[in-house]
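What you see below is based on every heavy atom in this structure, not just the backbone, and it leaves out hydrogens, waters and symmetry mates. By convention here, the first residue in the shown sequence is residue 1. Everything quoted here is computed from the prediction, not taken from an experiment.
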Amino acid sequence: MPNLDEIDLKIMRATQAGLPLTARPYHTVAEQLELSAAEVIERMRRMQELGVIRRIGAVPNHYQLGYRFNGMTVWNVPDEQVDALGQKIGRLDFVSHCYRRPRHLPLWPYNLFAMVHGKSQEAVDRQIERIAEILGDDNLGSEVLYSTRILKKTGFRSR
């Protein structure tokens, strides 16, 4: 663990549920902790460089946006092609995340995962067909694991 002081830990605790939804979130955190916004920004940037904070970004709630049909597609593609194919699939606007996973043979031959979202089952089915078209002959098999409930999304938690 990189060297963090009490102020760093206070910033982490203040932001672990997300940045405040205000016009100037870093200023809001700074006011809560009686710091300057510049210090909050600088410390968060340093913690990101140290790898304590992996990234700062928006996490959309797909359900609230009307995307109620979500499927994790899993694909069996040749290992020597998985990185290139994953980059192609990951660029599709309906894929929220795409990554390589190890196979667990003999039961789980899939090594490429891509999460797709749609406002209808038909939309998701078309997206899956689009991925299958892109993979072409490199598609050696696939499955879709549909979401059945919302799991709580959280970031780093500290006491």
Side-chain angles (χ1 to χ4, degrees), residues 1-75 77 79-104 108 110-120 123-124 127-128 130-131 134-135 142-159:
M1 176 71 120
N3 210 6
L4 302 176
D5 65 18
E6 187 57 35
I7 294 173
D8 293 330
L9 295 174
K10 285 181 180 179
I11 292 170
M12 289 173 61
R13 286 185 200 110
T15 60
Q16 66 186 359
L19 287 170
L21 295 176
T22 63
R24 303 175 77 181
Y26 297 104
H27 288 73
T28 303
V29 172
E31 289 171 16
Q32 291 170 352
L33 302 178
E34 298 180 358
L35 301 169
S36 71
E39 182 173 5
V40 170
I41 292 169
E42 174 55 30
R43 283 177 176 266
M44 289 185 75
R45 186 178 56 73
R46 184 180 56 82
M47 287 189 279
Q48 195 168 9
E49 288 173 359
L50 293 171
V52 174
I53 297 173
R54 287 196 309 177
R55 69 181 188 94
I56 298 171
V59 179
N61 183 325
H62 294 97
Y63 284 86
Q64 287 187 350
L65 296 173
Y67 292 89
R68 299 187 179 275
F69 296 87
N70 308 294
M72 175 59 77
T73 62
V74 294
W75 306 88
V77 300
D79 287 331
E80 60 275 11
Q81 298 294 326
V82 67
D83 291 336
L85 293 169
Q87 289 178 11
K88 283 183 184 177
I89 303 305
R91 284 194 289 265
L92 296 170
D93 62 0
F94 55 82
V95 173
S96 64
H97 46 286
C98 179
Y99 47 89
R100 180 182 190 170
R101 289 281 191 194
R103 303 172 192 275
H104 293 281
W108 193 255
Y110 309 108
N111 58 347
L112 180 64
F113 290 48
M115 188 73 186
V116 299
H117 306 275
K119 293 184 176 180
S120 69
V124 170
Q127 293 165 346
I128 295 167
R130 177 77 179 114
I131 293 173
I134 292 170
L135 295 177
S142 67
E143 289 190 39
V144 182
L145 311 169
Y146 288 101
S147 299
T148 56
R149 62 187 172 127
I150 301 172
L151 299 176
K152 185 176 179 182
K153 294 180 178 181
T154 62
F156 172 80
R157 295 292 180 261
S158 174
R159 294 181 198 184

So which atom in [X] and which in [Y] form the shortest heavy-atom distance, rounded to 0.1 Å?
X      : Y      : value
Cys98  : Gly90  : CB-CA, 3.8 Å
Ala14  : Val29  : CB-CG1, 4.3 Å
Pro20  : Pro25  : O-CB, 3.3 Å
Ala123 : Gly118 : CB-CA, 4.5 Å
Gly86  : Leu112 : CA-CD1, 3.7 Å
Gly66  : Lys119 : O-CG, 3.2 Å

Quiz item: Run the side-chain contact (heavy atoms from CB on, under 4.5 Å) check on Ile131 and Phe94 step by step: do they pass?
Solution: CA-CA 10 Å; Ile131 293 173; Phe94 55 82; 4.0 Å; yes
What distance do [X] atom [atom1] and [Y] atom [atom2] have between them, rounded to the nearest 0.5 Å?
X      : Y      : atom1 : atom2 : result
Lys88  : Asp83  : NZ    : CG    : 13.0 Å
Leu145 : Thr73  : CG    : OG1   : 8.5 Å
Met72  : Ser147 : CE    : OG    : 8.0 Å
Ser120 : Tyr67  : OG    : OH    : 10.5 Å
Gln127 : Met115 : CD    : CE    : 10.5 Å
Ile11  : Gln16  : CD1   : CD    : 13.0 Å

Contact check, side chains of [X] and [Y], non-hydrogen atoms, under 4.5 Å:
X      : Y      : result
Asn70  : Val116 : no
His104 : Pro102 : yes
Ile56  : Leu19  : yes
Val77  : Asn111 : yes
Ile89  : Trp75  : no

Exercise. With sequence neighbours excluded, tell me which residues meet side-chain contact (heavy atoms from CB on, under 4.5 Å) with Ala38.
Key: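 Applying side-chain contact (heavy atoms from CB on, under 4.5 Å) to Ala38 gives Ser36.
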Distance-only donor-acceptor hits, side chain of residues 41-54, under 3.5 Å, sequence neighbours excluded:
unit_1 : atom_1 : unit_2 : atom_2 : d
Glu42  : OE1    : Arg45  : NE     : 3.2
Glu42  : OE1    : Arg45  : NH2    : 2.3
Glu42  : OE2    : Arg45  : NH2    : 2.7
Arg43  : NE     : Glu39  : OE2    : 2.9
Arg43  : NH1    : Asp5   : OD1    : 2.9
Arg43  : NH1    : Asp5   : OD2    : 3.1
Arg43  : NH1    : Asp8   : OD1    : 2.8
Arg43  : NH2    : Asp5   : OD2    : 3.3
Arg43  : NH2    : Glu39  : OE2    : 3.4
Arg45  : NH1    : Glu49  : OE2    : 2.7
Arg46  : NH2    : Asp8   : OD1    : 2.9
Arg46  : NH2    : Asp8   : OD2    : 2.5

Practice problem: Kindly check if the number of other-residue, nucleotide or ligand heavy atoms within 6.0 Å of CG (Leu65) is above 12? | Solution: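 More than 12 within 6.0 Å, yes.
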Exercise. Mind telling me whether Trp108 and Tyr110 have parallel, tilted or perpendicular rings, with 30° and 60° as the class edges?
Key: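 Correct class here is perpendicular.
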Exercise. Please work out which of the three classes, parallel, tilted or perpendicular, describes the rings of His97 and His117, given edges at 30° and 60°.
Key: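 Judged by the thresholds at 30° and 60°, the geometry between His117 and His97 is tilted.
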Practice problem: Under the side-chain contact (heavy atoms from CB on, under 4.5 Å) rule, what do Ile7 and Leu33 come out as? Steps first, then yes or no, please. | Solution: CA-CA 9 Å; Ile7 294 173; Leu33 302 178; over 6 Å; no
Exercise. Could you list all the salt bridge (charged side-chain N to carboxylate O under 4.0 Å, His left out) pairs where at least one residue sits in residues 18-35, not counting sequence neighbours?
Key: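 Passing the test, one end in residues 18-35: no pairs.
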